[in-house]
Amino acid sequence: MRATPDTSARPGTPLLVDRFGRVATDLRVSLTDRCNLRCTYCMPAEGLDWLPKPDLLTDAELTRLIGIAVTRLGVTDVRFTGGEPLLRPGLEDVVAATAALEPRPRISMTTNGLTLARRAAGLAAAGLDRVNVSLDTLDPKRFRELTRRDRLGDVFTGLAAAREAGLEPVKVNSVLMRGVNEDEAVPLLRFCLEHGYQLRFIEQMPLDPQHGWDRDGMVTAEEVLAALRTAFTLVPEPGERGGAPAERWLVDGGPAVVGVIASVTRPFCAACDRTRLTADGQVRNCLFSRSETDLRALLRGGAADEEVADLWRANSWSKAAGHGIGSEGFSQPSRPMSAIGG
Ligand code: SAM
Ligand code: SF4
């Protein structure tokens, strides 16, 4: 569905404001919907119907849109994701072009880490500031079952390479699921403390293409915290949380911290500062939006930068107050997480 929002009440600011007073400054860019893992909660074993190649933004189109976001719309943070962003051959060039923008945004990436060992140094040199590596289990057999690939060792070497390349802090993202890996909260935190990685647990959201999510299968933030407290003392980290989704806790007095992202049980929609660009050039104002705005067609139709910026602003203006998971009338977006950009 395409958005045609009414913007008559929108104030005349260049920023990505919405009707609820939020300002989007954090851009998530999906570089591809493809992946070299098949995490059971994200993709079926056979993969998905990948986006057709001609629909994908070229590196030049992508770089132009990121430039518009940073120089005209006030975006200060750019995160590359997917699918698996390391599958995009031109990634280093896109990162370098992003780092050359004025004002320079902070640049990060969310990755499964499989090929990070050979890319981390080059990406850091191109201007990547930091990474989040997804890792849900430390057990090789479980990793094979969960991701349908035998690649746990590659994630470990990828993580180490990220640290050596100075991509600080190296964060680890974990999703716990009942009956799958719910017993790994403590081992995952021990592992991250030992290696100097910053761990964040993320509640599982209804974004899987199989529509298999159910609330009871999700391990809640409260359950994660209870499990961690059996082995560590956790004290809320002092200071403002701002738009950051993670609630952060000092572990055993600090300085190490652990984050918990309670996207479902304690949504942070009221402080959301995100806007999203899919690999095929659609802007979304929420992971869960039911509509998106086609910037690719505009680019390919010869539109000027300010015209593109205006359509992006209109998309933000139409952002809903919250995702509404659990409320009557909630329905999953038709795009799965891997095609939106997690
Ligand atoms: N392939 C990269 C990776 O795995 O880090 C980037 C894309 S992946 C979709 C981004 C993050 O979304 C991963 O940390 C993954 O665990 C998480 N994720 C995927 N499906 C999810 C869901 N239904 N709920 C919560 N997180 C999910
Ligand atoms: Fe791939 Fe990331 Fe989805 Fe796993 S979570 S299948 S690594 S896109």
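Position 1 is the first residue of the sequence; numbering continues from there. First listed ligand is number 1; within each ligand, the first listed atom is number 1.
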Residue, atom name and distance, where the atom is the protein heavy atom closest to [atom]:
{"atom": "atom 6 (C) of ligand 1", "answer": "G83 O, 3.2 Å"}
{"atom": "atom 8 (S) of ligand 1", "answer": "G82 O, 4.5 Å"}
{"atom": "atom 27 (C) of ligand 1", "answer": "M337 CE, 3.4 Å"}
{"atom": "atom 23 (N) of ligand 1", "answer": "M205 O, 2.8 Å"}
{"atom": "atom 16 (O) of ligand 1", "answer": "Y41 OH, 2.8 Å"}

If you count the atoms of ligand 1 from 1 in the order shown, which ones are under 4.0 Å from a heavy atom of [X]?
{"X": "N173", "value": "14 (O)"}
{"X": "N112", "value": "2 (C), 3 (C), 5 (O)"}
{"X": "E84", "value": "1 (N), 2 (C)"}
{"X": "E203", "value": "25 (C)"}
{"X": "V175", "value": "16 (O), 26 (N)"}

Under 4.0 Å, heavy-atom basis, I'd like to know which part of N132 is in contact with ligand 1: side chain, backbone, both or neither.
neither
Will you find, in the side chains of [X] and [Y], an N or O donor that is under 3.5 Å from an N or O acceptor?
{"X": "E84", "Y": "T111", "result": "yes"}
{"X": "R248", "Y": "Q198", "result": "yes"}
{"X": "D6", "Y": "S8", "result": "yes"}

Can you find a heavy atom in the side chain of W317 that is under 4.5 Å from one in the side chain of N285?
no
Minimum side-chain heavy-atom gap S108-D129 below 4.5 Å:
no
Working note: D136 + S174, criterion side chain to side chain donor-acceptor pair (under 3.5 Å); need CA distance, chi angles, decisive distance, verdict.
CA-CA 5 Å; D136 302 326; S174 300; 4.7 Å; no
Hey, are D154 and R149 close enough for a salt bridge, meaning a charged N less than 4.0 Å from a carboxylate O?
no
Less than 4.0 Å between a side-chain N and a carboxylate O, is that true for D305 and R64?
yes
Quick check against the 3.5 Å criterion: does E292 have a side-chain atom that pairs as donor or acceptor with the backbone of Q282?
no
Return yes if some donor-acceptor pair links the side-chain N/O of R266 with the main-chain N/O of A221 below 3.5 Å, else return no.
no
L48: which other cluster members, linking ILVMFWY side chains closer than 4.5 Å, directly or transitively?
M43, W50
Evaluate whether atom CG of D214 has more than 12 neighbouring non-hydrogen atoms of other residues, nucleotides or ligands under 6.0 angstrom away.
yes
Look only at interatomic distance and state if [X] has a nitrogen or oxygen under 3.5 Å from any nitrogen or oxygen of ligand 1.
{"X": "T81", "answer": "no"}
{"X": "I202", "answer": "no"}
{"X": "D208", "answer": "no"}
{"X": "Q204", "answer": "no"}

Are there any protein N/O/S atoms under 2.8 Å from atom 1 (Fe) of ligand 2, and if so, which?
C35 SG
Scan residues 13-22 for pairs that pass side-chain hydrogen bond (donor to acceptor under 3.5 Å, both in side chains), counting only residues two or more places apart or in two chains.
D18-R22
Contact list for residues 115-127, test side-chain hydrogen bond (donor to acceptor under 3.5 Å, both in side chains), sequence neighbours left out:
E92-R119
Heavy-atom proximity to atom 5 (O) of ligand 1 ranks first, among C35, S134, P85, S338, for S134
